[in-house]
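The block underneath contains the structure these notes are about, expressed in structure tokens.
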Amino acid sequence: MPREATELAGIAASPGRATGLALWLKAADASGESHTIPRPGSILLTDFVTPSHILFLLEVRGVATMTGGATSHGASLSRDLGIPCVCGLGSSLERIVDGSEVTIDGTHGTITLT
Amino acid sequence: MGQSLSLDEFLQGIASSMVARGNGGNDVWPAPRLDLDRTLCCLAPTLLRDVASFSETLPHLELLRHPSAFAELSYYLLARPTGSEQSIQWQAAAEFLCRAIEHMRGADVFCETGNRLQSGFSIEESLAVLDTYRLDADGAAVGTLVALLNVYVEFLHFAFVAFSKEIHGPYTFGGGSWVIYEFDWLNGSHFDFSRAFPLKSVQIGIDLAGKVPGFDFHGRYSGSARHFRSIWGRCTTADGASIPLNCVWLTRTLLEAIREATHEMAACADDKLLRLLAVSQYQGLQNVTDGAFPGLEEDDLGSFIAQYSDSAADEWLHQSLSGLRTLSPQERKSQLVALLDPRNLSKGRR
């Protein structure tokens, strides 16, 4: 039976649209000797963006965060890097598991699990 | 304060910006390892005491740089006071911040129209060197460079990035709308990763061709450095020489420094990180006040660490702030004004 698409709505923070595999990296795990390896072409999912995420941001196609708004630092970095970003998705973002295929739409503020 | 900005206007302006900051969620950047609300509580008594002393020892406000730094200091007013002497210092500090911010901003002090203009800044003078520092780079390269500069200063000045970063504008010149990015004090001495950084500062001017997004009071910018019609950039080296911005070289240099910073911060124990926080606060204030800030004594550090360990002292602040997040924007603004107002200190905030 085909799986039903799930769409979550948040705050449109950096325009653009991208599809990739979800890569979870919470802020507390981003600093230092993280065992998570940046997977080029992924969509980064996190509670909020920290400076330690930058090496991942340079590799991913988009960012979705549980907290923050359109002027948050994660949103600002995404705009400068030219990747779509959706913020403020809350705890519902945790319904998306690492490795799932997702489409992020930073223009309209949605992320869709397909 | 006569015809100038009143303390009430100051508090309303700051509260409006704080409400906007929380719109759609909590902005919890940066430094996830340290609870900054709690840390500010501990630093505030020492820092506000010294800020209050500025009103007597620093009458020449033109010495001050970086309006954002003084806007950010307003967060210290949220800290819990202990005793009437601190209440007096709180109010003196608030009134000094009020005067300083008014002095350093243009007509729209709280950026309510989305403009963020600095008093005393001349776009004509800055652009007079355009031919020397014109930059030939594409939007993606400049956007990446600005993102890396932002991240680098977040590592270096992790509690108060405003000590090192200003974005302001738009300034109209020659049919263009210019936004200025300034990153200063890039080679600080309190972290290994920054000690050998080859530049003191970077200044970038971007003509957005009329498409100017907004700024807010605390320096948050809704635009991007990727989209411009023309751009210039210059750097000041560690020995004070001005050189053109080399986008490729600086991007590589920043990436290397950020990798080092990531490892250094991870290897840093929490108590050492707290000391570095205190030192960086003082160094930042020394920088933006041209060296006029009183020096940090070892006793202050010890006291700071001791207060930080007393978690019960911060309960009030946490309860107050968590309650704000469930209110409507107008209710939150009113509550923030009440929390920030140093005149309320003797009315049960303790």
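Since we're looking at a predicted model, the values are computed, not measured.
By the 6.0 Å contact criterion, CZ on B:R229 is enclosed, its count of non-hydrogen atoms from other residues, nucleotides or ligands being greater than 12.
Proximity to chain B is absent for every atom of A:L57, based on heavy atoms less than 4.5 angstrom apart.
Note that CZ of B:R226 is 7.5 Å distant from CG of A:L81, once rounded to the nearest 0.5 Å. Here the straight-line distance linking atom CG of B:L254 with atom CD1 of A:I54 works out to 10.0 Å at 0.5 Å rounding. Separating the CG atom in A:D80 from the CG atom in B:L148 is a distance of 10.0 Å, to the nearest 0.5 Å. For the atom pair CG (A:L55) and CG (B:L255), the distance works out to 7.0 Å, reported to the nearest 0.5 Å.
Taking the side chain as every heavy atom from C-beta outward, B:Y152 and A:P51 never approach each other to under 4.5 Å.
In this structure a side-chain-to-backbone donor-acceptor pair under 3.5 Å is present from A:R79 to B:G223.
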